Amino acid sequence: MVAAFVLRGLYRARPALSFPPADLLWAPRRGHRLTPADDELYQRTRISLLQRESSHAMYIDSYSSRGFVVNGNRVHGPCALLPHSVVQWNVGSHQDITEESFSLFWMLEPRIEIVVVGTGDRTERLQSQVLRAMRQRGIAVEVQDTPNACATFNFLCHEGRVTGAALIPPPGGTVYTSLAQAAEGATRN
């Protein structure tokens, strides 16, 4: 009760405006709709689009133990994703990855900045001479388990980076895992 009297006293003691509110400059309010006359007051803004987003960007929709779905197309087994194409990749496991199996990534123009490698259900070490060969050619290599490699590849492509991926399907059952469903499950946990 005492607090109510104190607050009421502070409200009444606030300084009064020296000029009536009608004399304040007009500003648009939340419910205000702009009319052509208002638009002229704020001066029009023109935007020039320098580069449109590529509608041909590669995205991994989902993965399973059998392969991947890339841009709606099913790819069986290990695959290499290049900026505008998908090819079968002739490796069985991370131990089969050699300089020769990575050669397609350094022969491309424009040059690939980074290759994301998915090694199955676990992150595995690649041979040091393979990593050194890629580094000498100016290509970064990110080695991850396949589910994380798929997400990283999608993120880098969305950023507009020139990215490649070398993916080995994770072993296991034939469960079809959508990346969108995996992301929703991760946010719930």
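On a predicted model such as this, the values are computed, not experimentally measured, just so you know.
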Rounded to the nearest 0.5 Å, how far does [atom2] of [Y] lie from [atom1] of [X]?
{"X": "L156", "Y": "M58", "atom1": "CG", "atom2": "CE", "value": "14.0 Å"}
{"X": "F68", "Y": "C79", "atom1": "CZ", "atom2": "SG", "value": "5.0 Å"}
{"X": "L108", "Y": "I139", "atom1": "CG", "atom2": "CD1", "value": "8.0 Å"}
{"X": "T123", "Y": "H94", "atom1": "OG1", "atom2": "NE2", "value": "11.0 Å"}
{"X": "L81", "Y": "C150", "atom1": "CG", "atom2": "SG", "value": "8.5 Å"}
{"X": "Q129", "Y": "M134", "atom1": "CD", "atom2": "CE", "value": "13.5 Å"}

Can you find a pair of side-chain heavy atoms, one from [X] and one from [Y], that are under 4.5 Å apart?
{"X": "T163", "Y": "P83", "answer": "no"}
{"X": "L126", "Y": "F102", "answer": "yes"}
{"X": "V91", "Y": "I168", "answer": "yes"}
{"X": "P169", "Y": "P78", "answer": "yes"}

### Query
Does any pair with a residue in residues 100-117 pass side chain to side chain donor-acceptor pair (under 3.5 Å), and if so which ones, sequence neighbours excluded?
E113-R161

Shared ILVMFWY cluster between [X] and [Y], side chains joined below 4.5 angstrom?
{"X": "I97", "Y": "F153", "result": "no"}
{"X": "V143", "Y": "V116", "result": "no"}
{"X": "V70", "Y": "V162", "result": "no"}
{"X": "I114", "Y": "V117", "result": "no"}
{"X": "Y63", "Y": "V86", "result": "yes"}

## Note on the structure
Residues passing the side-chain hydrogen bond (donor to acceptor under 3.5 Å, both in side chains) test with R137, sequence neighbours excluded, are none

### Task
Return the set of residues passing side-chain hydrogen bond (donor to acceptor under 3.5 Å, both in side chains) with D121 (not counting sequence neighbours), or none when no residue passes.
none

For [X] and [Y], indicate whether the former's side chain and the latter's backbone hold a donor-acceptor pair under 3.5 Å.
{"X": "S65", "Y": "P171", "result": "no"}
{"X": "D96", "Y": "G92", "result": "yes"}
{"X": "N71", "Y": "Y59", "result": "yes"}

### Query
Taking only residues two or more places apart in sequence, or in another chain, which ones meet N90 in a side-chain contact (heavy atoms from CB on, under 4.5 Å)?
none

### Message
Can you list everything that forms a side-chain contact (heavy atoms from CB on, under 4.5 Å) with A80? Sequence neighbours excluded, please.
### Response
V87, W89, L104, F105

### Message
To check you understand the geometry: which heavy-atom pair defines the closest contact between T152 and Q144, and what is its length?
### Response
OG1-OE1, 2.9 Å

### Summary
Residues P170 and S64: closest non-hydrogen pair is CD-O, 3.7 Å

### Query
Can you list the residues that meet the salt bridge (Lys or Arg N to Asp or Glu O under 4.0 Å) rule with E142, with sequence neighbours excluded?
none

